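Below: the structure, in structure tokens.
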Amino acid sequence: MASTFISPANPSQLCSSKSDVLSASPKAFTRTTHQLAVVREMGMKVKCQATSVPADDRVPDMGKRQLMNLLLLGTLSLPTAGMLVPYASFFVPPGTGGAGSGTIAKDAIGNDVVAAQWLKDHGPGDRTLTQGLKGDPTYLVVEKDRTLATYAINAVCTHLGCVVPWNTAENKFICPCHGSQYNDKGTVVRGPAPLSLALAHCDIDDGKVVFVPWTETDFRTGDAPWWA
């Protein structure tokens, strides 16, 4: 087996290397130390600049937030108002239609009731629903002499508010909800309804049928009108 011989280092060489290291000038060490300090200081500045962000850049100012709130409120208000208008108009009583203090009667499709045409289409004894005061269903009454009665009958039952239909065969208004009955003029003849049907005046103005509130004595009972 072959052997390898490594010659020891020359003592003079070792001394020479050691003396070179020890002979480095103090200025060189000082310059190196200064460079390291500068590098460290620059690193700290860069790090501080990267991590420190002004608070004003992270949080919007009050003016911007108010503007965004106004834009959001406007965006939500327009469609909401559009949906509420039809519902609000449903609860607003119909206008008088230029008939003084009265309300022009409307037929089943919403047209103004013209007295002459109505009498052509409805015979003696007829009681047909129209739209009356405050939008309530109201019966127009055709007398035996083919004229309109001067009163109209509100069709809302005085028990629980059902609409009472006219029963031609019985010659009565008979409520389908709880069986209350009223005669041909709307006077209660059987409970549980406690009161007669409300009345309205039926007038003719410029050829159209007009309903006017009834505030005087109820001619059927001789009592003050409970609905006034």
Side-chain angles (χ1 to χ4, degrees), residues 89-228:
S89 62
F90 177 79
F91 292 102
V92 176
T96 60
S101 60
T103 298
I104 297 177
K106 305 286 185 180
D107 62 17
I109 58 176
N111 294 326
D112 294 347
V113 175
V114 178
Q117 187 62 44
W118 187 269
L119 291 173
K120 288 181 181 179
D121 299 334
H122 301 81
D126 181 80
R127 283 153 177 76
T128 300
L129 281 174
T130 60
Q131 179 178 299
L133 297 171
K134 300 181 181 179
D136 285 350
T138 304
Y139 284 101
L140 278 180
V141 178
V142 179
E143 301 282 21
K144 294 180 180 180
D145 59 357
R146 301 187 67 90
T147 60
L148 282 174
T150 57
Y151 64 92
I153 303 172
N154 191 307
V156 178
C157 183
T158 59
H159 178 219
L160 291 178
C162 298
V163 175
V164 182
W166 169 248
N167 188 315
T168 304
E170 296 287 339
N171 199 38
K172 295 178 182 178
F173 296 99
I174 302 177
C175 182
C177 296
H178 301 95
S180 297
Q181 297 183 13
Y182 308 84
N183 68 13
D184 59 347
K185 290 181 174 61
T187 304
V188 63
V189 294
R190 176 180 173 182
L195 299 166
S196 298
L197 298 175
L199 296 176
H201 286 287
C202 180
D203 299 334
I204 299 176
D205 185 2
D206 196 20
K208 296 181 180 180
V209 176
V210 177
F211 294 127
V212 178
W214 189 295
T215 58
E216 59 270 22
T217 302
D218 184 346
F219 71 91
R220 302 166 301 181
T221 62
D223 298 327
W226 60 264
W227 58 87

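Since the model is a prediction, treat every value here as computed from it, not as a measurement.
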Taking C-beta and beyond as the side chain, do Phe219 and Leu199 meet within less than 4.5 Å on heavy atoms?
-> yes
Locate the shortest heavy-atom distance separating Ala149 from Glu143; write the atom from each residue and the value.
-> CB-OE2, 3.4 Å
Before giving the answer on disulfide (SG to SG under 2.5 Å), spell out for Cys177 and Cys157 the whole-Å C-alpha distance, their side-chain angles and the decisive distance to 0.1 Å.
-> CA-CA 9 Å; Cys177 296; Cys157 183; over 6 Å; no
Does Val188 reach the side chain of Ser196, with side-chain heavy atoms less than 4.5 Å apart?
-> yes
Pairwise side-chain contact, Val113 with Asp107, heavy-atom cut-off 4.5 Å (strictly under) = yes
Note: Gly123 and Arg146 closest approach over all heavy atoms is CA-NH1, 4.0 Å
Mind checking whether Trp214 and His201 have parallel, tilted or perpendicular rings, split at 30° and 60°?
-> parallel
Which heavy atom of Ala152 sits nearest a heavy atom of Cys202, and at what distance?
-> N-CB, 4.3 Å
Tightest non-hydrogen contact, residues His178 and Pro192, listed as O-CD, 3.4 Å
Above 12 or not: heavy atoms from other molecules or residues under 6.0 Å from CG of Asn171?
-> yes
Main-chain N/O of Gly125 paired to Arg127 side chain as donor or acceptor, under 3.5 Å = yes
So, Asp136 and Thr138: side-chain donor and acceptor under 3.5 Å apart, yes or no?
-> no
When rounded to the nearest 0.5 angstrom, what distance separates CD in Gln131 from CG in Asn111?
-> 11.5 Å
Would you give the length of the straight line joining atom CD1 of Ile153 to atom CG of Leu197, rounded to the nearest 0.5 angstrom?
-> 7.0 Å
With no hydrogens and no angle check, is any side-chain donor or acceptor of Trp166 less than 3.5 Å from a backbone partner on Leu129?
-> no
Closest approach of Val164 to Tyr139 (non-hydrogen atoms, all atoms of both residues) = O-OH, 2.6 Å
Can you tell me if NZ on Lys208 sees more than 12 non-hydrogen neighbours from other groups inside 6.0 Å?
-> no
Shortest non-hydrogen contact between Ile204 and Ala115, atoms and distance = CD1-CB, 3.7 Å
Flag side-chain contact, heavy atom, 4.5 Å: Leu195 against Trp227 | no
Taking C-beta and beyond as the side chain, do Leu140 and His122 meet within less than 4.5 Å on heavy atoms?
-> no
Sub-4.5 Å side-chain heavy-atom contact between Pro137 and Val156 = yes
Run the side chain to side chain contact (heavy atoms under 4.5 Å, CB included) check on Val189 and Phe173 step by step: do they pass?
-> CA-CA 10 Å; Val189 294; Phe173 296 99; over 6 Å; no
Are side-chain heavy atoms of Tyr182 and Thr158 found at a separation under 4.5 Å?
-> yes
Which distance, rounded to the nearest 0.5 Å, do you find between the CG of Asp126 and the CG of Asp121?
-> 10.0 Å
Step-by-step side chain to side chain contact (heavy atoms under 4.5 Å, CB included) determination, Phe211 to Thr130 | CA-CA 10 Å; Phe211 294 127; Thr130 60; 3.4 Å; yes
Are Asp184 and Lys172 close enough for a salt bridge, meaning some N to O gap below 4.0 Å?
-> no
